[in-house]
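To find a chain, count down the sequence lines: A is the first, B the second, and so on, and within it residues start at 1.
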Number of protein chains: 2
Amino acid sequence: MAAPSTDSTGPDPGGRRPTINDVAHAAQVSKKTVSRVINQVATVHPDMRARVERAIAELGFRPNPQARSLAFGRAFLLGLIYDNPSPTYVVNMQHGLLDGLRGTGMELVVHPCRHAAPTLLEEIREFVERQRLAGVVLLPPLSEDERVIALLRSIGCSYVRIAALALDEPGSMVTTNDHLGAAEAGDHLARLGHRRIALLRGPPSFRSCTVRGHGFIGALAAHGITLDPALDRDGAYTFESGVEAGHALLALADPPTAIFALNDDMAIGVMQAARERGLELPRDLSVVGFDDLPMAARVWPNLTSVRLPIRDMGQMAAEKLLARVNGVDPAALDQPAVCPALVLRQSAIALP
Amino acid sequence: MAAPSTDSTGPDPGGRRPTINDVAHAAQVSKKTVSRVINQVATVHPDMRARVERAIAELGFRPNPQARSLAFGRAFLLGLIYDNPSPTYVVNMQHGLLDGLRGTGMELVVHPCRHAAPTLLEEIREFVERQRLAGVVLLPPLSEDERVIALLRSIGCSYVRIAALALDEPGSMVTTNDHLGAAEAGDHLARLGHRRIALLRGPPSFRSCTVRGHGFIGALAAHGITLDPALDRDGAYTFESGVEAGHALLALADPPTAIFALNDDMAIGVMQAARERGLELPRDLSVVGFDDLPMAARVWPNLTSVRLPIRDMGQMAAEKLLARVNGVDPAALDQPAVCPALVLRQSAIALP
DNA sequence: CTGAAAGCGCTTACAG
DNA sequence: CTGAAAGCGCTTACAG
């Protein structure tokens, strides 16, 4: 009905989108040759390739991914599966993954889920199999669940997992080296003169807690400091658990002068507890967090925190997954190691 | 190589996934009839339908979306296009959209973009056309860009836009009624006894600013208060612009006793400025924000803020889009209006 | 209410 | 290095 007013790039044969047949006809070659050009098969004669590429450009041809998927046996889609509760983490990761997919014609399908759901495995299987995803990326803590990994292996789905330590072969992992960031935090507090330093962990089932804890304790040890078991506590990675643990720690007969919380939510909870107890921050208590949420730069005093290059990690994960999917050895990518960095702000200061 | 150890639901004819042909054969009907059952065509005889459904269940058959897409002319994918900088907003919206897609076999493909990019339109066109998306959802402020809407119309792509006011026919809109939330904020501050109340807006080009501003000014007027032009300022929806405007407002000869910032980032910036000027909060200044970010409940004093039911809005958007795509009249959905709500905390108190 | 044929736009064998 | 045939798993006309 509508006039052909769509300002499409190039001619519009018959009012519909050009197909591989239109290109083949325009370039005077078989559709198979066009297919070879699309799929970057090396054996096509340069002249022929040039002819086809010109026709593709002139017609504004873009291969139909559904048709390719059907013939190919799998979709040009990557899945992102996670139950990570941090919006900042998730969004940064999505951006990074899309950075890695740019120009490949692949798109990103998101799939948040609840780790505790009884139907978790069936749901993931359904998600992957129905759309015939080319591969999936798993975020922590879901990436630590070996049941999920076993499922993906059994259905032949390529994956890359992101986790605080190497849980898998390098080609299937982006390891975030959380211990390095935690060590930096420990080193920083020790250099500021603190000796009574508390560690507020997250849920013990999260691998990140163990890894970060080890890094922190190791750094203290390098300064001759042993973590007092009374100052080593489990939290729940929530603001409320930070408030609670903060009160408990500060109520001790010999309270800490500094607290390292394994995420920012808890660190900010600790700050709130300190304020509720009449302490002045940062004078009476130094606090360091982990994650460097946007909030860290907004609270008062601004929170010193460990930052992970989430977006870069996402890009690396996408690149690794693409390599696997395309049959390239991910080891050939030669990606740099992920380096957490301590962002210095005002919440941790030298002991007087 | 591997033994058939995959615990698939039902038999596995020939070691591959069952197709519509397997179902047709098992149920002793034509594949066209199976197709009718899959697509819920009403005219299938109940007996036949039951026979087919049993075969589907026994074989664990799930139609291949790529094949359906190819024959159907469009994918079973919805796109989410946005340049919204708030991770919380984006993630909540994604969850809501997925709530609305559950059980439909549709998946969500995400596409963040930069509004200012010169290639924006070409990029969106590429995204939509290449994957042959069934439809897209647009978040503010991108949803306010009529160039994008014109493009989508020209390529025949169904869309639903989310915006602070009705910019389109109801079937293509989820209107967030921001004026109601802003009015509640104004009413609240007036009832607390404030008369010198400032309004800190965002970028004037954002429709949300105009809409929220109107709602707020109207509510003040209902209490006989006229907004002093000196207390009506534009910000940039950033923390830094909040700090700056806070200083400017508090440096006035006759400073406000309360400030309503049109988002939380600016509201928290205002609080920081107040603290930098030696004011005690909330005693010396009441502040109200908009968005109810997680941060709002973490800062000190906790920020009173307007909350939008983002996730519900996402679900409504998905339902509307599905209705359009399936040729149903979205008006038949009878969805409730979106109601912003003021979340009362400690940052706004009565004037002594 | 049901079905046989043709087609959606690609790719995988298989020739040459 | 290139191509004609068959097929991926569905759906749309079109019959009956």
Which sits closer to the 5' end of DNA chain C, A/Q66 or B/S30, going by the nucleotide each is nearest to? B/S30

Once pairs are restricted to Watson-Crick or G-U wobble with both distances under 3.5 Å, how does DNA chain D read as a dot-bracket string, [ ] for crossings and | for other-strand pairs? |||.||||||||.|||

Under a 4.0 Å heavy-atom criterion, DNA chain C is touched by chain B from C/dC1 to C/dG9

Does B/Q40, at its CD atom, have more than 12 non-hydrogen atoms belonging to other residues, nucleotides or ligands within less than 6.0 Å? no

Checking A/S172 against A/R324: is there a side-chain donor and acceptor pair closer than 3.5 Å? yes

Counting the atoms with a prime plus P, OP1 and OP2 as sugar-phosphate, which does B/N39 contact under 4.0 Å by heavy atoms, base, sugar-phosphate, or nothing? sugar-phosphate

Heavy-atom count around B/H25 NE2 within 6.0 Å, excluding the residue itself: above 12? no

Short question: side chain of B/R36, backbone of B/R49 - any donor-acceptor pair under 3.5 Å? no

Output yes when a side-chain donor or acceptor of A/N39 lies under 3.5 Å from a complementary backbone atom of A/V41, and no otherwise. no

5'-most contact on DNA chain D (nearest-nucleotide basis), A/R36 vs A/K31, goes to A/R36

Comparing B/A67 with B/T43, nearest DNA chain C nucleotide closer to 5' gives the residue B/T43

Salt bridge B/D168-B/R153, side-chain N to carboxylate O under 4.0 Å: yes

Using atom types as modelled and distance alone, determine if a side-chain donor or acceptor of A/K320 lies under 3.5 Å from a backbone N or O of A/V160. no

Between A/H95 and A/Q315, do the side chains contain an N or O donor and an N or O acceptor separated by less than 3.5 Å? no

